[in-house]
Asks: 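Here's a structure for you.
We count ligands from 1, going down the list as the structure has it; atoms in each ligand are counted the same way.
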Amino acid sequence: MEINLKKIKAQALKDIQAIKDSKEWQKIEKKYFSRKSGELAKLLKDIKDVSEDLRPKLGALANEIKIEITNALAQKKADLDLQTESELEKDFIDVTLEIEKYKLGHLHPMTQVQYELEDIFKSMGFMILDGPELESDYYNFEALNIPSWHPARDMQDTFFIESKDKLVLRTHTSPVQVRAMQKYGAPFRGVVPGRCFRNEATDASHEHTFYQMEGLMIDKNISIANLIAVMKELLKGIFKRDVEVRLRPGYFPFVEPGFELDIKCLICGGKGCSVCKQTGWLELLPCGMVHPNVLKYGGIDPDKWSGFAFGLGTTRLVMMKYGIDDIRLLQSGDLRFLNQF
Ligand code: PHE
């Protein structure tokens with residue numbers, strides 16, 4: 001009997017030591033302390049049957065062992081709780097702490113305005129096109145009615161790439177006019193937002209890299225009235241109100257007739273101010289009716305079709321919209337500037 005008690009004690013302490021979690025703890029506790037089937041309960045019951053002279057000694061021993069196992073279990077429980085608590089501490093998150101916010105970037109003001117313009121044109125059924133920035137001399141000049149001897153080339157000096165195909169960094173988005181005509185034919189409606197380059201002495205209003213949005217519409221019986229109507233719709237979209245426009249003659253070899261489109265100064269309403277240099281008008285975009293030679297270069301019969309084209313200076317528009325007085329800021333990558341948009 002005595003030996004049996006000691007065996008149970010040894011086994012119990014071994015069992016308790018092996019406990020890893022509260023589930024196992026409960027199982028072991030039940031194994032020893034269950035009223036009906038617990039090992040200790042069984043033993044205490046057996047003690048009743050031993051001879052009277054042995055009973056007190058065995059009873060005392062059994063009690064001692066019971067207390068020892070109870071203590072070991074309690075200790076184990078405390079250890080387990082401690083462990084989980086320290087684990088909790090490790091995973092603790094203080095939800096009240098200020099955390100550093102993710103610094104999300106945003107679109108460049110040029111891109112924001114470009115997307116806005118694209119939406120306006122898409123609503124009028126124009127497609128949005130792309131073209132190469134490294135363009136051939138042919139598409140940049142020749143096919144736009146600017147042969148190599150033409151003085152108009154002087155106004156668009158650019159960066160020439162040494163290659164047998166005579167490549168240039170495009171000076172405007174107009175080369176995509178001919179590319180689009182060749183690809184899509186007539187009728188056609190599209191705009192081409194894009195980056196252009198010129199060999200400029202840079203200052204607050206001149207930059208070697210800038211953005212334009214070319215527009216081209218070709219159909220039957222297209223006239224200057226259509227050009228003005230589309231321009232007015234565009235300006236209404238940009239400035240969110242009706243804008244008065246006027247056309248002045250302007251020369252570009254690829255349009256005939258060619259114009260400079262002015263808008264009534266939005267600052268002074270036409271009375272004259274420093275922004276419009278006291279004229280009441282702001283020069284906004286060059287445009288005109290597509291020259292028959294250019295239609296021919298694009299594979300379109302000028303006797304059947306006509307069209308208009310315009311070259312919106314997106315960079316200038318962005319400067320006007322946000323009151324930016326130095327064009328160089330746009331390309332500077334300076335976050336103090338960019339974070340304002
Ligand atoms: N491509 C011309 C420029 O950059 C602008 C323009 C486009 C003029 C279309 C007329 C028609 O100067």
Asks: Cation over ring, Arg170 on Phe197, under 6.0 Å and within 45°?
Replies: no
Asks: Return the option from Phe259, Phe308, Phe254, Phe310 holding the heavy atom at the smallest distance from atom 2 (C) of ligand 1.
Replies: Phe254
Asks: So if I count the atoms of ligand 1 from 1 in the order they appear, which ones are less than 4.0 Å from some heavy atom of Gln156?
Replies: 3 (C), 12 (O)
Asks: Verify the distance criterion only: is there a donor paired with an acceptor across the side chains of Glu118 and Gln114 at less than 3.5 Å?
Replies: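 There is such a pair between these side chains.
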Asks: Would you check the N or O atoms of Gln177, main chain and side chain alike, for any that come under 3.5 Å of an N or O of ligand 1?
Replies: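 No; every N/O pair is 3.5 Å or more apart.
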Asks: Do Tyr32 and Asp15 pair up side chain to side chain, a donor and an acceptor below 3.5 Å, judged on atom types alone?
Replies: yes
Asks: Of the protein's non-hydrogen atoms, which lies at the shortest distance from atom 5 (C) of ligand 1, and what is that distance?
Replies: Pro286 CG, 3.6 Å
Asks: Check the angle between the aromatic planes of Tyr297 and Tyr138 and answer parallel, tilted or perpendicular using the 30° and 60° thresholds.
Replies: perpendicular
Asks: Just grab all the salt bridge (charged side-chain N to carboxylate O under 4.0 Å, His left out) pairs involving residues 139-155, residues at least two apart or on different chains.
Replies: Asp137-Arg153, Glu142-Arg153
Asks: Polar-atom distance check: Glu214 versus ligand 1, any N or O pair below 3.5 Å?
Replies: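 Between Glu214 and ligand 1 (N or O atoms, distance only) the closest approach is not under 3.5 Å.
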Asks: Honestly, is Lys77 close enough over Trp25, meaning NZ or CZ under 6.0 Å from the six-membered ring centre and within 45° of the axis?
Replies: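 Yes.
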Asks: I'd like to check which ligand 1 atoms, numbered from 1 as shown, lie under 4.0 Å from a non-hydrogen atom of His172.
Replies: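 Counting from 1, the qualifying ligand atoms are 1 (N), 2 (C), 4 (O).
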Asks: Return yes when Arg198 approaches ligand 1 closer than 4.0 angstrom through a heavy atom, no otherwise.
Replies: yes
Asks: Can you report which non-hydrogen protein atom sits closest to atom 7 (C) of ligand 1, along with the distance?
Replies: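 Checked against all protein heavy atoms, atom 7 (C) of ligand 1 sits closest to Gly311 N, 3.4 Å.
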Asks: Out of Phe252, Phe121, Phe259, which residue meets the ring-ring contact (aromatic ring centres under 6.0 Å, His included) rule with Phe310?
Replies: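 Per the ring-ring contact (aromatic ring centres under 6.0 Å, His included) rule, the option paired with Phe310 is Phe121, out of Phe252, Phe121, Phe259.
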Asks: What do you reckon, does Gly258 put a non-hydrogen atom under 4.0 Å from ligand 1?
Replies: no
Asks: Gln212: heavy atom below 4.0 Å from ligand 1, yes or no?
Replies: yes
